[in-house]
Amino acid sequence: MLWEPDRHEALIDEPWDADAARVGIRELAADAERAYDETTLWPPHSLDEDGASKVPWTSLYCGASGVAWALDQLQRRGALTAARDWRAEARRFVDIHLAFPETGEATPSLMLGEVGVRAIADLDHDRLYALIESNIEHESLEMLWGGPGTMLPALFLFERTGEERWRELYVRNAQHLLRTLEYHADYDVWMWTQNLYGERVRLLGAGHGFAGNMFSLLRGAALLSDEQRALIAERAAHTLRAVALCEGPLANWLPHVGQSRREREKILVQWCHGAPGMILGLSRLPPEAEVDALFVAAAELVWRAGPLAKGAGICHGTAGNGYAFLAMHARTGDPQWLDRARRFAMHALAQARSAAREYGRGRYSLWTGDVGVALFLQDCIDGAGELPSVAYL
C-alpha cells in the first residue's frame, strides 16, 4: 500500500464555508496574540519539544519569527486587525536569537537559525548576505539547514530590491547545487547526498532532500541560463519518474533512495516526505505528459489517504497536504483541486480547535502550529496560495 492508514483519518463532513474560515482565522490569530509575552515570546508546545525549553524560541520554523511573520501577513491581507506591529516585534527577535540560539549554537539555517530570523526582521542586509554566503557549501545539502534554504531570501530580496548582489548570490548557490547533483546508477537517478545528523543518505522529500532542493532551483529559474534551466527540468523529471511508486491511479515516493535514515523506513504522505512535498517542490516543472500524470496520481493519493491524524499544521499535517491541492489547481486550472484544498482546510481548522481543547492551549508556531493553518485558510479563501515562507518572505 502506498500510505499507512493509521497515520490518516476520515475527512469531516463539513462543506467549505468562507465565512466560517474567516472566523477561524481570527480565532487562531487572536489566541496567538493573547499568548505572546515580550520576554519569553511564545511557549513551545509539548508536541514540538521533549522537555521544558530554557530559552525563548525565535526561529522561522517553530519559533517567534514564524508566528510574527504569519500574523503580519494576515494583517497585510486584510484577514485581521493585529494587536501589535508584528514586523516591529520581529526586529527584536534578532538580538534574542543571538543571545539564546534555539539549537544551542549559532547556525545560519533558514528554518532554525539566524538567516530566517534576520530575513523576517529585514535588518542588516550586509550581515544577511554574509550568512547566506557562508552557508552555500553546507554539507547537509537540504532545505532545513543548508544552502537550498538560505538561498531563498537572496532570491526574494533580489525580486524586491533589484540589487544585483542578491541575484549573484542566488546564482552562486544554484551553481553549487548543480555541481553537487550526481547521477546514481544503482537507482538510475540524479540525486544529492545529505550528510545529516551523522548519517549519509539520499533523501527525496521537500523537507530534507531532492524535492526541496529542486524547489529552490525552480523558484528562481528565471535568473539562470537556458542551459541550466533545461538541465534542472530534465534531471528533476527523470528522478521523479524513476523512483515513483505507482498502484493503479495513485503514486507516492519513499522518503529516501536506497538506505533510509535510522528507524525511518516508513512511507509517508506529508510535506516533508512523500507525495505532497513532491508536488509542492516540483510543480513548477514545464508541462510534460508523464510528469503531469504523476502529479495527478500523487494528488489523488493525498486525497484518498485523507487528512493526517498527526495534526493540522504544514510540515507534517493536514494544511501542508492541502497546499498540494492548491499547487495542482495553479498548475492545471482544474477546480476540483481547489475544492479539495478547501475541504482539507475545514478539517485542519477542526483539528486545531480539537487540539487546543485537548492541551488547554494553542500551538504557536508557523510550520507545525495554528498560524500556519490560518494562512492556509486565507489562501483557500483567496483561491490560490503557496507554502508560507518557503515561497515568499
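Note that the structure is predicted; figures quoted are calculated from it, not measured.
Between Arg118 and Asp124, the closest heavy-atom pair is NH1-CB, 3.5 Å. In this structure, Leu141 and Gln194 approach most closely via the heavy-atom pair O-NE2, 2.8 Å. Closest heavy-atom contact between Leu74 and Ala374: CD1-CB, 3.9 Å. Thr39 and Asp37 get closest at one heavy-atom pair: N-OD1, 2.8 Å. The minimum heavy-atom distance linking Arg167 with Leu223 is given by the pair CG-CD1, 3.8 Å. For the pair Ala221 and Tyr170, the tightest heavy-atom approach, listed with the atom from each and the gap, is N-OH, 4.2 Å.
Distance alone, capped at 3.5 Å, places no donor-acceptor pair between the His184 side chain and the Val189 backbone. Although no hydrogens or angles enter the test, the distance criterion places no donor-acceptor pair under 3.5 Å between the side chain of Ser354 and the main chain of Ala350. When atom types are taken as modelled, the side chain of Asp85 and the backbone of Arg87 share a donor-acceptor pair closer than 3.5 angstrom. With hydrogens and angles disregarded, a donor-acceptor distance shorter than 3.5 Å links the side chain of Asn135 to the backbone of Trp145. Within the 3.5 Å criterion, the main-chain N or O of Gly274 finds no donor-acceptor partner in the side chain of Asn252. Using a distance-only test at 3.5 Å, with no hydrogens or angles considered, a donor-acceptor pair links the side chain of Asn321 to the main chain of Val269. A donor-acceptor pair is defined here as one N or O able to donate and one able to accept, closer than 3.5 Å; such a pair exists between the side chain of Glu102 and the backbone of Ser59.
Using a 4.5 Å heavy-atom cutoff, the side chains of Arg219 and Ser216 are not in contact. By the 4.5 Å heavy-atom criterion applied to side chains, Leu366 and Leu375 are counted as neighbours. Between Val115 and Leu128, the closest side-chain pair of non-hydrogen atoms falls below 4.5 Å. Within the 4.5 Å cutoff, side-chain heavy atoms of Leu326 are placed close to those of Leu338. Using a 4.5 Å heavy-atom threshold, the side chains of Arg262 and Glu199 count as touching. Put simply, the side chain of Leu308 reaches to within 4.5 Å of the side chain of His8, judged on heavy atoms. Side chains of Leu152 and Met143 form a contact here, defined as non-hydrogen atoms less than 4.5 Å apart. Two residues are said to be in side-chain contact when any heavy atoms from C-beta on lie closer than 4.5 Å; Leu28 and Leu349 meet this criterion.
A salt bridge links Glu89 with Arg92: at least one charged nitrogen is closer than 4.0 Å to a carboxylate oxygen. Using a 4.0 Å cut-off between a side-chain N of Lys or Arg and a carboxylate O of Asp or Glu, Asp31 and Arg353 do not qualify as a salt bridge. Ion pairing between Arg160 and Asp122 holds under the 4.0 Å rule for side-chain N and carboxylate O. A salt bridge links Asp48 with Arg363: the distance from a Lys NZ or Arg NE/NH1/NH2 to an Asp or Glu carboxylate oxygen falls below 4.0 Å.
Among residues two or more places apart in sequence or in another chain, the side chain to side chain contact (heavy atoms under 4.5 Å, CB included) test is passed with Val291 by Ala237, Leu240, Arg241, Leu285, Glu288, Phe295, Arg331. Scanning for side chain to side chain contact (heavy atoms under 4.5 Å, CB included) contacts around Ala82 gives Glu33, Gln75, Leu80, Trp86, with sequence neighbours left out.
Under the 4.5 Å side-chain contact rule for hydrophobic residues, Tyr187 and Trp253 share a cluster. Linking Ile, Leu, Val, Met, Phe, Trp and Tyr whenever their side-chain heavy atoms come within less than 4.5 Å puts Leu203 and Leu178 in one cluster. Residues Met191 and Tyr183 share a hydrophobic cluster, clusters being chains of Ile/Leu/Val/Met/Phe/Trp/Tyr side chains in contact below 4.5 Å. Linking ILVMFWY residues whenever their side-chain heavy atoms come closer than 4.5 Å, directly or via other members, leaves Ile12 and Val373 in distinct clusters.
The number of heavy-atom neighbours closer than 6.0 Å to CD of Glu105, taken from other residues, nucleotides and ligands shown, is 12 or below. Remark: Glu227 CD is loosely packed, at most 12 non-hydrogen atoms of other residues, nucleotides or ligands lying under 6.0 Å away.
Ring pair Tyr129/Trp166: centre-to-centre distance below 6.0 Å. Between Phe325 and Phe344, the ring centre distance stays below 6.0 Å.
Shown are His316, Lys310, Arg7; of these, the side-chain contact (heavy atoms from CB on, under 4.5 Å) with Leu268 is made only by Arg7.
If you take CG on Asp19 and CH2 on Trp16, they are separated by 9.5 Å, rounding to the nearest 0.5 Å. Rounding to the nearest 0.5 Å gives a distance of 5.0 Å between OH of Tyr197 and CG of Leu144. One finds the CZ atom of Arg261 at 6.0 Å from the NE2 atom of His273 (value rounded to the nearest 0.5 Å).
Side chain to side chain, Thr180 and Trp192 meet the donor-acceptor criterion of an N or O pair below 3.5 Å. Side-chain atoms of Gln351 and Glu9 include a donor-acceptor pair closer than 3.5 Å.
Relative ring orientation between Trp367 and Trp271 is described as tilted, the plane-to-plane angle lying within the 30° to 60° band.
Hydrophobic clustering, defined by side-chain heavy atoms of Ile, Leu, Val, Met, Phe, Trp and Tyr closer than 4.5 Å, groups Leu47 together with Tyr359.
Within the structure, every pair that satisfies the salt bridge (charged side-chain N to carboxylate O under 4.0 Å, His left out) test and touches residues 183-192, not counting sequence neighbours, is listed here: Asp186-Arg202. Sorted by first then second residue, the salt bridge (charged side-chain N to carboxylate O under 4.0 Å, His left out) pairs that include residues 340-349, not counting sequence neighbours, are Glu300-Arg340. Identified under the salt bridge (charged side-chain N to carboxylate O under 4.0 Å, His left out) test for residues 130-153, with sequence neighbours left out: Glu133-Arg172.
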